[in-house]
*Asks:* 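This is the structure, below, for whatever I ask next.
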Amino acid sequence: MGTLAQSRERQQAGDSPSVGLQWWRSMAHHKFRAPLLWPHASRDHLPMAAGQARQRSIAEDLENARRRMPMRLDLDSFYREFLPVGASVESIPLKPLGFAVKPLKVHSSPRRATARAVAALAAAAAASSCKLQAGEKVPRRLAQPAGVVENGAASDLLRAGLATPSRVGPLECFELTREGVEAIRKTIPQDAQATYFGKGECA
């Protein structure tokens, strides 16, 4: 009887074994459950974080495109000055700086001197104030407007015999051949020829 009374007194005082047991059960519940809850919470936030990162990436791409747009328009209009009247091309072979270029390489298959390739070479020469003469080294990278001759056009014009691959220090260049000079003189409009190269005969 005394033991039972003492037990009831401890329960009323809050010092009951059942209270302690409940406390340990509560601690064990949180201790072992928490590691299971946190990963789920993290995964719930992952889609949101990934979506935000994707949105930032898209925004950055759009901003970069917006900044390059004036350069792109300058290159397009500049290049078209060297196309024959009535000629059309599927794509402009002059690209903004930052375009991924490969080292100059002569195309493995035969290529002819198309208006697209000739105009690209002429534009590169004019952009760097080069002379139209055999042996002149025309930088692949345009000075003004800033740009670069794309891989395909560069490979084609080399294979067509308009130029040979060359270098000036670290800069890749097209070394004009006599055939290249003659092709430029015969292909580009007279206005562009007079504006950028004068009316002299090819050397």
Side-chain angles (χ1 to χ4, degrees), residues 61 64-65 67-203:
D61 290 344
N64 291 334
R67 291 177 179 177
R68 289 196 300 268
M69 186 60 69
M71 183 185 297
R72 176 75 270 179
L73 293 176
D74 287 345
L75 286 172
D76 287 1
S77 58
F78 178 68
Y79 172 75
R80 293 185 186 281
E81 292 186 48
F82 301 91
L83 280 176
V85 177
S88 61
V89 294
E90 294 183 358
S91 63
I92 304 299
L94 305 183
K95 306 299 183 184
L97 296 180
F99 179 81
V101 296
K102 299 178 181 179
L104 285 178
K105 182 179 180 181
V106 180
H107 203 287
S108 58
S109 301
R111 288 291 186 270
R112 61 187 181 87
T114 62
R116 182 176 187 269
V118 173
L121 183 58
S128 295
S129 301
C130 295
K131 296 179 180 180
L132 278 189
Q133 60 185 23
E136 184 80 353
K137 293 185 177 182
V138 177
R140 181 183 185 182
R141 177 170 174 169
L142 283 66
Q144 187 62 37
V148 64
V149 179
E150 68 173 17
N151 302 317
S155 180
D156 289 349
L157 71 87
L158 291 173
R159 179 63 177 178
L162 302 176
T164 57
S166 184
R167 302 187 75 89
V168 175
L171 296 178
E172 287 189 322
C173 296
F174 305 108
E175 185 169 333
L176 292 177
T177 62
R178 185 176 182 85
E179 292 76 15
V181 175
E182 291 175 347
I184 291 174
R185 292 290 189 191
K186 293 177 181 178
T187 303
I188 68 174
Q190 291 297 320
D191 289 346
Q193 191 169 159
T195 299
Y196 296 102
F197 305 114
K199 297 182 180 181
E201 296 297 325
C202 60

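Quick note: numbers below take in every heavy atom, side chains included, and nothing from hydrogens, waters or symmetry partners.
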*Asks:* Ser155 versus Ser108: any side-chain heavy-atom pair under 4.5 Å?
*Replies:* no
*Asks:* Once you round to the nearest 0.5 Å, how far does CD of Gln193 lie from OG1 of Thr187?
*Replies:* 10.0 Å
*Asks:* Side chains of Tyr79 and Arg116: closer than 4.5 Å at any heavy-atom pair?
*Replies:* yes
*Asks:* Measure across Ala124 and Val138 and return the closest heavy-atom pair with its distance rounded to 0.1 Å.
*Replies:* C-CG1, 3.5 Å
*Asks:* Using the ring of each side chain (for Trp, its six-membered ring), is Phe78 parallel, tilted or perpendicular to Tyr196, with breaks at 30° and 60°?
*Replies:* perpendicular
*Asks:* Is the shortest heavy-atom distance from the side chain of Glu81 to the side chain of Pro189 under 4.5 Å?
*Replies:* no
*Asks:* Is it true that a side-chain atom of Ser128 and a backbone atom of Ala125 form a donor plus acceptor pair closer than 3.5 Å?
*Replies:* no
*Asks:* How long is the straight-line distance from CZ of Arg140 back to CD of Glu150, given to the nearest 0.5 Å?
*Replies:* 9.0 Å
*Asks:* With heavy-atom distances below 4.5 Å as the criterion, would you say the side chains of Glu136 and Glu175 are in contact?
*Replies:* no
*Asks:* Calculate, to the nearest 0.5 Å, the distance between atoms CG and CZ belonging to Leu97 and Arg141 respectively.
*Replies:* 4.5 Å
*Asks:* How many angstroms lie between NE2 in His107 and CG in Leu157, if you round to the nearest 0.5 Å?
*Replies:* 12.0 Å
*Asks:* Between Cys173 and Leu104, which heavy-atom pair has the shortest distance, and what is it?
*Replies:* O-CD1, 3.4 Å
*Asks:* Using side-chain heavy atoms (C-beta onward) and a distance below 4.5 Å, is Val168 in contact with Pro139?
*Replies:* no
*Asks:* Listed by chain and number, what are the salt bridge (Lys or Arg N to Asp or Glu O under 4.0 Å) partners of Arg111, not counting sequence neighbours?
*Replies:* Asp156
*Asks:* Testing the basics here: between Leu83 and Ala119, what is the closest heavy-atom pair and its distance to 0.1 Å?
*Replies:* CD2-CB, 3.9 Å
*Asks:* Side-chain contact, heavy-atom cut-off 4.5 Å: Lys105 with Pro165?
*Replies:* no
*Asks:* Only one of Leu158, Ile188, Ile184 forms a side chain to side chain contact (heavy atoms under 4.5 Å, CB included) with Leu121, so which one is it?
*Replies:* Ile184
*Asks:* How about Phe174 and Leu162: do any of their side-chain heavy atoms sit closer than 4.5 Å?
*Replies:* no
*Asks:* Any side-chain heavy-atom pair from Leu142 and Val148 closer than 4.5 angstrom?
*Replies:* no
*Asks:* Does the side chain to side chain contact (heavy atoms under 4.5 Å, CB included) test come out yes or no for Val118 and Phe82, once each step is laid out?
*Replies:* CA-CA 8 Å; Val118 173; Phe82 301 91; over 6 Å; no
*Asks:* Which heavy atom of Ile92 sits nearest a heavy atom of Val89, and at what distance?
*Replies:* CD1-CG2, 4.0 Å
